[in-house]
A.B. asks: 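I have a structure I would like to understand better, so I am pasting it below and will then ask my questions one at a time.
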Amino acid sequence: MVDLGRVHVESFLEMMSAERGAAANTLQSYERDLDDIRSFLKERSIRLTEAASADLAAYLSSLARKGFKPSSQARRLAAMRQFYKFLYAEGLRTDDPTGILDAPKKGRPLPKTMGVEEVGRLLSQAEAEADDPAPGQLQRLRMLALLELLYATGMRVSELVSLPARVLDQEGRFLMIRGKGNKERLVPLSQSAISALKSYGRRLAAENAATKDPPQESPWLFPSASKEGYLPRQVFARDLKNLAIRAGLTPSLISPHVMRHAFASHLLANGADLRVVQELLGHSDISTTQIYTHVLEERLQQLVQTHHPLAKQAKKHE
């Protein structure tokens, strides 16, 4: 029997153009996708018009094995669904084989992060600049304090720039952060973050005292002439990218949010519990923190390779 698959594809494309007003690019995309499906089925001696659900599921599985992204698989499935609905509506099939097919799950993309060495370079650059007594030192001390706090706590940038000035008066190694939904959480501070914070606070107080008309005391740790009264997060993000350039790093890969991810990833890589990281990040649900499970998987593989007796034996025979 003659395979009328190509004829029906052309009829389907004509319908999409005349009745649905599909754009030329959309029609070309449907044509390419359906031709690819037809070729796959032809290799298995199955006509496009007669394919069963299992045949189409096998096609989608073949795409996954070839490394097609879930978004590309979903597009092919959408083309199939439109085509087989057309065949059903035209009376060319008595069923729709795509009805029971599940859309491929789009995995959450892994967050961009920074290596320990990259964070170290960024902090070293900020520290070297903060030590320079030239005019503008307050801004450089502020950048160092911002970075040290961000990497020590993993707080959101919105939480960081809106910290209250009373942070400077506190003693001890913990910081209370008010996060989403006004929920408070306690996070520990590193010794370097405490030191950077004190240096910044002293310089801020000295510059305010030296001004002829001292400004009204700001309630914010990082005061600014902005509408909110504190440093806009966009300004911090811009200054961070400029610092990255001076540190010899790629600015497009660095942002306050990337440093938050670095904080979490580095903790997990060094043995922290996922629940503890959840608390420190202020995630209300552990599922949000589970985007970092790839770090745990890498660590577990490393532990097995290092400590499992069979792995040790294999190394001896290499």
Side-chain angles (χ1 to χ4, degrees), residues 113-133 136-179 184-208 220-223 230-231 233 236 239-240 243-244 246-249 254-283 289 292 295 299:
T113 189
M114 299 168 65
V116 174
E117 186 186 349
E118 291 172 309
V119 173
R121 283 171 64 182
L122 201 61
L123 288 170
S124 294
Q125 181 69 30
E127 189 175 3
E129 292 182 6
D131 286 341
D132 183 358
Q137 189 179 24
L138 177 62
Q139 281 68 39
R140 296 189 292 275
L141 285 165
R142 181 183 71 184
M143 173 55 80
L144 179 61
L146 284 161
L147 277 185
E148 288 284 6
L149 284 170
L150 184 55
Y151 188 55
T153 66
M155 70 178 98
R156 300 175 180 90
V157 65
S158 56
E159 296 167 346
L160 174 64
V161 295
S162 62
L163 282 171
R166 64 176 178 273
V167 166
L168 292 170
D169 301 325
Q170 71 178 44
E171 294 295 331
R173 298 195 54 178
F174 289 88
L175 184 65
M176 184 66 76
I177 300 172
R178 189 181 296 276
E184 292 186 329
R185 66 186 189 278
L186 199 63
V187 295
L189 289 177
S190 63
Q191 200 57 56
S192 56
I194 293 170
S195 176
L197 198 54
K198 286 182 177 176
S199 296
Y200 164 71
R202 283 195 298 267
R203 185 66 189 218
L204 180 64
E207 291 210 2
N208 283 342
W220 308 112
L221 177 60
F222 302 110
Y230 52 77
L231 180 71
R233 56 194 179 88
F236 172 44
D239 291 348
L240 179 58
L243 177 69
R246 296 194 295 275
L249 300 170
I254 294 167
S255 70
H257 201 57
V258 168
M259 286 203 68
R260 173 171 157 88
H261 289 315
F263 161 83
S265 297
H266 298 171
L267 278 181
L268 288 168
N270 284 282
D273 182 83
L274 194 65
R275 289 278 178 189
V276 172
V277 175
Q278 176 194 356
E279 291 294 323
L280 293 173
L281 291 174
H283 288 162
T289 320
Y292 299 105
V295 179
R299 196 181 86 213

A.B. asks: If I compare all heavy atoms of Gly154 with all of Phe263, which pair ends up nearest, and what's the gap?
C.D. replies: CA-CD2, 3.3 Å

A.B. asks: Looking at Val157, is its backbone amide N or carbonyl O close enough to the side chain of His257 to form a donor-acceptor pair, meaning the two atoms are under 3.5 Å apart?
C.D. replies: no

A.B. asks: Could you tell me whether a side-chain N or O of Arg156 sits under 3.5 Å from a main-chain N or O of Gly282, the two making a donor and an acceptor?
C.D. replies: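 Here the side-chain-to-backbone pair exists.
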
A.B. asks: Quick one: pull up CE in Met155 and CG in Leu281 and give me the separation to the nearest 0.5 Å.
C.D. replies: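 Answer rounded to 0.5 Å: 11.5 Å.
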
A.B. asks: Kindly indicate whether the side chain of Gln170, heavy atoms from C-beta on, has any atom under 4.5 Å from the side chain of Leu175.
C.D. replies: yes

A.B. asks: Provide the closest heavy-atom pair for Leu144 versus Ala130 in the form atom of the first, atom of the second, distance.
C.D. replies: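 That would be CD2-CB, 3.9 Å.
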
A.B. asks: What distance separates Leu122 CG from Arg246 CZ, expressed to the nearest 0.5 Å?
C.D. replies: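 Nearest 0.5 Å value for the CG-CZ distance: 9.5 Å.
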
A.B. asks: Taking the side chain as every heavy atom from C-beta outward, state whether Gln278 and Arg275 have any atom pair closer than 4.5 Å.
C.D. replies: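 A side-chain contact exists here, since the closest heavy-atom pair is under 4.5 Å.
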
A.B. asks: Determine yes or no for a side-chain-to-main-chain donor-acceptor pair under 3.5 angstrom, with Arg142 supplying the side chain and Phe222 the backbone.
C.D. replies: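 No: the side chain of Arg142 does not pair with the backbone of Phe222.
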
A.B. asks: Is any side-chain heavy atom of Val167 closer than 4.5 Å to a side-chain heavy atom of Leu149?
C.D. replies: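 They are not in side-chain contact.
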
A.B. asks: Roughly how far, to the nearest 0.5 Å, is CG of Leu123 from CG of Leu243?
C.D. replies: 9.0 Å

A.B. asks: Identify the two heavy atoms, one from His266 and one from Val119, that lie closest to each other, and give their separation to 0.1 Å.
C.D. replies: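 What the structure gives for the nearest pair is CE1-CG2, 3.9 Å.
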
A.B. asks: Please list all pairs passing the salt bridge (charged side-chain N to carboxylate O under 4.0 Å, His left out) test where one or both residues lie in residues 184-204, with sequence neighbours left out.
C.D. replies: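 Checked against salt bridge (charged side-chain N to carboxylate O under 4.0 Å, His left out) - neighbours excluded - the pairs reaching residues 184-204 are Glu159-Arg185, Arg178-Glu184, Arg203-Glu207.
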
A.B. asks: For residues Ser255 and Leu240, report the shortest heavy-atom separation together with the two atoms involved.
C.D. replies: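 Shortest heavy-atom separation between Ser255 and Leu240 comes out as C-CD2, 3.5 Å.
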
A.B. asks: Does Glu129 reach the side chain of Asp132, with side-chain heavy atoms less than 4.5 Å apart?
C.D. replies: no

A.B. asks: What are the two closest heavy atoms between Tyr200 and Pro223, and how far apart are they?
C.D. replies: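 That would be OH-CD, 3.7 Å.
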
A.B. asks: Using the ring-ring contact (aromatic ring centres under 6.0 Å, His included) criterion, which residues pair with Tyr230? Sequence neighbours excluded.
C.D. replies: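 ring-ring contact (aromatic ring centres under 6.0 Å, His included) check on Tyr230 returns Trp220.
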
A.B. asks: If only atom types and distance count, is the side chain of Ser199 paired as donor or acceptor with the main-chain N or O of Ser195 below 3.5 Å?
C.D. replies: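 Answer holds: yes.
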
A.B. asks: Looking at CG of Leu146 and CG of Asp239, how far apart are the two atoms once the value is rounded to the nearest 0.5 Å?
C.D. replies: 9.0 Å

A.B. asks: Ser158 and Val161: which non-hydrogen atoms are nearest, and at how many Å?
C.D. replies: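 Shortest heavy-atom contact: O-CG2, 3.8 Å.
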
A.B. asks: Using side-chain heavy atoms (C-beta onward) and a distance below 4.5 Å, is Leu197 in contact with Leu168?
C.D. replies: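 Yes, their side chains come closer than 4.5 Å.
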
A.B. asks: Suppose we screen for side chain to side chain donor-acceptor pair (under 3.5 Å). Which residues come up paired with Ser192, at least two apart in sequence or across chains?
C.D. replies: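 Side chain to side chain donor-acceptor pair (under 3.5 Å) check on Ser192 returns Glu148, Ser190.
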
A.B. asks: Do Gln125 and Leu249 have side chains that approach each other closer than 4.5 Å (heavy atoms only, starting at C-beta)?
C.D. replies: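 Counting from C-beta outward, Gln125 and Leu249 never come under 4.5 Å.
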
A.B. asks: Step by step, work out the side chain to side chain contact (heavy atoms under 4.5 Å, CB included) result for Leu280 and Thr153.
C.D. replies: CA-CA 7 Å; Leu280 293 173; Thr153 66; over 6 Å; no

A.B. asks: Check whether any side-chain heavy atom of Phe236 sits under 4.5 Å from a side-chain heavy atom of Leu160, and report yes or no.
C.D. replies: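 Side chain of Phe236 against side chain of Leu160, heavy atoms only: contact under 4.5 Å found.
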
A.B. asks: To the nearest 0.5 Å, what is the distance between CD (Glu118) and CE (Met259)?
C.D. replies: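 CE of Met259 is found 10.5 Å from CD of Glu118.
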
